[in-house]
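Fair warning: this is a prediction, and the values are worked out from it, not measured in the lab.
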Amino acid sequence: MKNTAIVKVFSDIADLLELKGENAFKIRAYQKAARAIEHYPKEIRIMLDEGENLRNIPGVGEAIAKKTTELVTTGKLGYYENLKAEFPEGITNLLAIPGIGPKTANRLSSELGVSSVDALEQAIKGGRVAKLFRLGDKTADNIRQQIQALRRKDQRIPIGEALPIVDEILGSLRSLPGVRNLTYAGSLRRFRQTLGDIDLMGTADNPKEVIDTFVALPHMGQVLAQGSTKASAIAPGGLQVDLRMVEHDSFGSMLQYFTGSKQHNISLRERGHRQGLKLSEYGITDLATDKLEKFAIEEDFYHRLGLQYIPPELREAQGEVERAEQGTLPKLVELSDIKGNLHSHTDWSDGRNSIEEMVLAAKKLGYQYIAITDHSAAYGLDAERVRRQIAEIRALRERLDGIHVLTGIEVDIFADGRLDLPHEILSQLDIVIGAVHSAMNQSEEKMTRRVLSAIGDPDIDIIAHPTGRLLGECQPPIAIDLEAIFRAAVKNNKVLEINAWPGRLDLNDIHAFRARELGVKLAIDTDAHTVADLDFMRFGVGVARRAWCEPQHILNTLSLEQVLGFLSKK
DNA sequence: GCCGTTTTCGGCCCGACTGTTTTCAGTCG
């Protein structure tokens with residue numbers, strides 16, 4: 001059983017306990033444990049196999065550890081089954097509707113016999129919901145609208161789609177006179193791979209003007225709310241964007257608060273509480289004197305608590321507060337640490353630009369090197385064309401200076417683990433990237449053996465997009481035992497890719513975290529198919545930062561000489 | 001149900017909004 005399945009069970013238990021009216025702290029304990037497991041880099045199944053104590057996971061104590069063990073070893077949890085039996089099936093779906101909490105859901109069920117979203121909609125139409133005590137016409141109508149919004153609303157939006165839109169909005173507003181701070185907060189600032197909505201915030205001499213301009217931006221759709229300091233509107237793609245203008249002298253604590261995550265903020269507040277401090281978006285109150293200290297700068301907020309500044313990507317309540325306390329936070333990799341791009345395509349296969357255009361674009365980014373890694377025979381280059389491309393790149397090297405071009409290939413790993421080009425060809429190339437592009441539906445066992453075989457092949461340097469997933473599309477990740485892949489990569493000194501192409505982001509943050517923990521060398525590759533795609537590097541760096549990666553964990557932070565040295569050692 | 005630089009028991013983040021009220025319950029982020 002995968003961690004995601006365990007998370008579902010404990011989230012469900014929390015919902016059911018809410019409906020039951022259980023102790024709020026007990027409910028929170030289940031929610032907290034679910035979130036901790038969701039972000040935990042190691043599969044529970046493996047922890048149990050290795051005899052590791054589940055209580056190492058923060059938020060998992062004796063009771064939940066025992067329940068988790070039962071769930072993973074038997075595939076079932078008696079406590080959960082009994083709890084489910086106490087309620088009509090589907091009632092927890094009501095809790096997913098904004099505005100409906102446990103109290104309302106319970107009353108809808110017990111007083112109206114409503115236990116599904118469809119039935120609720122009918123009850124609202126029939127006027128039965130508005131008649132309930134302490135509810136009314138307005139509440140009923142709000143619920144109706146929320147149900148419609150829920151149906152209309154797409155899935156969470158990939159960060160690659162959201163960020164360009166947000167950049168454009170911010171660009172339009174920053175040019176207004178008197179704007180001093182304007183940035184994004186929330187899950188976008190933490191660089192989560194998919195986003196539910198966007199939080200923007202800033203300070204300005206005339207906040208009203210910024211708000212008015214914001215809602216009137218040409219590509220902005222329906223305006224959901226508009227006041228003097230706050231507005232919500234729908235951007236292209238159905239993305240809800242909230243803009244909040246705050247006082248300049250509390251911008252730092254506001255930004256901290258609205259960046260989250262919620263669990264990170266709770267950890268901070270619990271810690272503050274032990275120091276006799278009360279934390280809020282307005283600042284820090286010393287409980288002894290009841291005096292509020294405001295923060296214009298976010299860094300100062302953390303320093304006041306005796307903590308290192310915690311980068312937004314780390315704020316997921318995974319031990320970052322403790323590390324900040326000890327002063328041992330990682331020095332995260334930055335976009336400026338990246339010295340080259342090791343995975344790119346040209347019009348020799350399915351790319352759109354010539355080799356020279358790609359190389360010049362990479363040079364313009366300040367890179368020391370770029371590897372040209374077109375697809376192998378199945379998609380592009382057979383042995384003969386590889387030889388010709390090598391010759392062309394050598395000729396190009398003569399003409400260009402200031403950047404080095406590595407010869408390479410993205411070679412297909414066949415269903416049986418063989419590569420689709422022979423050793424005598426692959427051995428002539430500077431860099432060989434192996435990838436799975438076909439027979440994606442193999443069993444976990446077959447797929448794992450297939451990729452392990454490629455990792456063991458001396459010609460292979462890097463495995464590209466190791467799980468094959470495509471964000472927001474119908475392509476689910478392949479079934480593969482990543483733990484085995486990671487261990488083999490370490491053993492064979494092979495590199496795994498963080499594919500920065502925004503539709504992939506593969507390895508993802510959690511996988512990359514685990515890989516790094518085990519000592520796997522990672523490469524952040526754009527998989528560029530056009531010169532513009534080379535800018536995707538920032539998405540991969542975002543994933544690496546969420547995985548707590550430092551420059552030394554990333555192959556392409558090395559200088560040209562170091563990279564060539566690494567590749568020649570294989 | 002979890003957890004500990006006052007604690008193995010007794011706490012557990014904080015503030016705001018909304019709709020329904022006439023002082024507040026419920027919900028959200």
Side-chain angles (χ1 to χ4, degrees), chain A residues 10 13-37 54-68 79 83 94-108 129-143 145-146 185-187 189-190 195-199 201 224-225 227 229-230 232 240 242 244 246 250 253-254 256-285 287-288 292 305-306 315 317 321-322 325-326:
Chain A
F10 286 129
I13 289 176
D15 281 348
L16 292 165
L17 292 177
E18 260 199 303
L19 289 172
K20 209 173 164 176
E22 257 288 0
N23 178 305
F25 297 108
K26 184 169 170 177
I27 296 165
R28 224 184 79 190
Y30 276 100
Q31 289 168 338
K32 198 175 170 186
R35 279 197 57 91
I37 294 171
L54 300 185
R55 298 184 65 176
N56 290 343
I57 304 171
V60 173
E62 190 184 345
I64 293 186
K66 210 172 144 208
K67 289 189 174 74
T68 307
Y79 177 74
L83 206 50
L94 298 182
L95 294 175
I97 302 168
I100 295 185
K103 297 287 193 317
T104 312
N106 256 328
R107 293 183 54 208
L108 289 170
V129 173
K131 287 204 183 73
L132 291 179
F133 179 67
R134 267 197 165 275
L135 297 177
D137 287 337
K138 215 154 179 179
T139 306
D141 194 56
N142 280 345
I143 294 173
Q145 287 189 35
Q146 290 292 354
S187 45
R189 186 157 180 255
R190 300 200 312 278
L195 311 165
D197 57 13
I198 301 291
D199 295 308
M201 54 191 314
L224 303 172
T229 62
K230 217 180 111 173
S232 295
Q240 181 176 333
D242 299 336
R244 189 183 315 264
V246 303
S250 56
S253 44
M254 283 280 172
Q256 194 288 320
Y257 172 76
F258 283 107
T259 297
S261 67
K262 189 176 170 180
Q263 278 304 327
H264 171 81
N265 286 351
I266 289 175
S267 306
L268 277 188
R269 286 166 182 204
E270 283 171 348
R271 187 173 173 282
H273 205 76
R274 294 197 290 273
Q275 299 172 299
L277 302 171
K278 186 177 72 170
L279 281 54
S280 79
E281 57 266 50
Y282 300 105
I284 298 176
T285 306
L287 289 171
L292 173 72
L305 296 169
R315 301 182 195 168
V321 176
E322 292 75 10
E325 193 170 350
Q326 300 155 2

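Residue contacts for A/Lys138: at a heavy-atom cut-off of 4.0 Å it reaches the sugar-phosphate backbone alone, with no base atom in range. Nucleic acid contact class of A/Ile97 (heavy atoms, under 4.0 Å, all strands): sugar-phosphate only. Across all strands, A/Asp137 comes closer than 4.0 Å only to sugar-phosphate atoms, never to a base (heavy-atom distances). Among the protein residues, A/Ser267 comes within range of no part of the nucleic acid, since none of its heavy atoms lies under 4.0 Å from any strand. Within 4.0 Å of A/Leu268, counting heavy atoms only, lies no atom of the nucleic acid at all. Backbone-only engagement by A/Lys278 is indicated by non-hydrogen atom pairs under 4.0 Å involving sugar-phosphate atoms exclusively. Residue A/Ile27 is out of contact with every strand shown, counting any heavy-atom pair closer than 4.0 Å.
A/Asn106 places its CG atom 13 Å from the C1' atom of B/dG26, with the value rounded to the nearest Å. The distance from atom CZ of A/Arg134 to atom P of B/dT23 is 10 Å, rounded to the nearest whole Å. Atom CG of A/Asn265 and atom P of B/dC14 are 12 Å apart (whole Å). At whole-Å resolution of the value, CG in A/Leu292 and P in B/dC14 are 13 Å apart. Following rounding to the nearest Å, A/Gln31 (CD) and B/dG29 (C1') show an atom-to-atom distance of 13 Å. With rounding to whole Å, A/Lys66 atom NZ is found 16 Å from B/dC2 atom C1'. Counting to the nearest Å, the P atom of B/dC3 and the CD1 atom of A/Ile266 are 14 Å from each other. Atoms CD (A/Glu325) and P (B/dT5) sit 9 Å apart, rounded to a whole Å.
Pairing for B/dG10 is with B/dC3, a Watson-Crick or G-U wobble pair whose two hydrogen-bonding atom distances lie under 3.5 Å.
Of the two residues near DNA chain B, A/Leu95 and A/Ile64, the one whose nearest nucleotide lies more 5' is A/Ile64. Between A/Glu270 and A/Tyr30, the residue anchored closer to the 5' end of DNA chain B is A/Tyr30, taking for each the nucleotide with the nearest heavy atom.
Across B/dC2, B/dC13, B/dG15, the shortest atom-to-atom separation from the side chain of A/Arg28 is found for B/dC13. Considering only side-chain atoms of A/Arg269, the nucleotide from B/dG15, B/dG26, B/dC13 that sits closest is B/dC13. Among the nucleotides B/dG29, B/dC14, B/dT18, the one closest to any side-chain atom of A/Asn142 is B/dT18. With B/dC13, B/dG1, B/dT21 as the choices, the nucleotide that has an atom nearest any side-chain atom of A/Lys26 turns out to be B/dG1. Taking the side chain of A/Phe25 as heavy atoms from C-beta on, and the options B/dA25, B/dC13, B/dC28, the nearest nucleotide is B/dC13. Checking B/dC13, B/dA16, B/dC2 against the side-chain heavy atoms of A/Ala29 singles out B/dC2 as nearest.
In this structure, CZ on A/Arg55 lies 5.5 Å from CD on A/Glu62, to the nearest 0.5 angstrom. From A/Ser232, atom OG reaches atom CD1 of A/Ile198 across 12.0 Å, with rounding to the nearest 0.5 Å. Atom CG in A/Asp15 sits 14.0 Å away from atom CZ in A/Phe10 (nearest 0.5 Å).
Taking 4.0 angstrom as the limit, A/Thr139 places a side-chain polar atom (N or O) nearer than this to OP1 or OP2 of B/dT20. Between B/dC17 and A/Lys230, no contact under 4.0 Å exists linking OP1 or OP2 to a side-chain N or O. The phosphate of B/dG1 has OP1 or OP2 within less than 4.0 Å of a side-chain N or O from A/Lys67. Using a 4.0 Å cut-off, some side-chain N or O of A/Arg274 falls inside it from OP1 or OP2 of B/dT5. A/His273 has a side-chain polar atom (N or O) that falls below the 4.0 Å cut-off from OP1 or OP2 of B/dC14. OP1 or OP2 of B/dC13 has not a single side-chain nitrogen or oxygen of A/Tyr282 nearer than 4.0 Å.
Within the 4.5 Å cutoff, the side chain of A/Thr104 has no heavy atoms near those of the A/Thr139 side chain.
Here, B/dC14 and B/dT20 have their C1' atoms 24 Å apart, quoted to the whole Å. A distance of about 24 Å separates the P atoms of B/dT21 and B/dG29, rounded to the whole Å. Spacing of P atoms, B/dT22 relative to B/dG26, comes out at 14 Å, to the nearest Å. The separation of B/dT8 from B/dA25, taken at their C1' atoms, amounts to 35 Å, rounded to a whole angstrom. Nucleotides B/dC12 and B/dT5 are separated by 15 Å at their P atoms, to the nearest Å. Distance check on atom C1': B/dG11 versus B/dT6 gives 12 Å, rounded to whole Å.
Side-chain atoms of A/Ser250 do not come within 3.5 Å of backbone N or O of A/Ser253 as any donor-acceptor pair. With hydrogens and angles disregarded, no donor-acceptor distance shorter than 3.5 Å links the side chain of A/Thr259 to the backbone of A/Ala185. At least one donor-acceptor pair under 3.5 Å links the side chain of A/Asn106 to the backbone N or O of A/Leu19.
Salt bridge A/Arg274/A/Glu325: absent, no basic N to carboxylate O contact under 4.0 Å.
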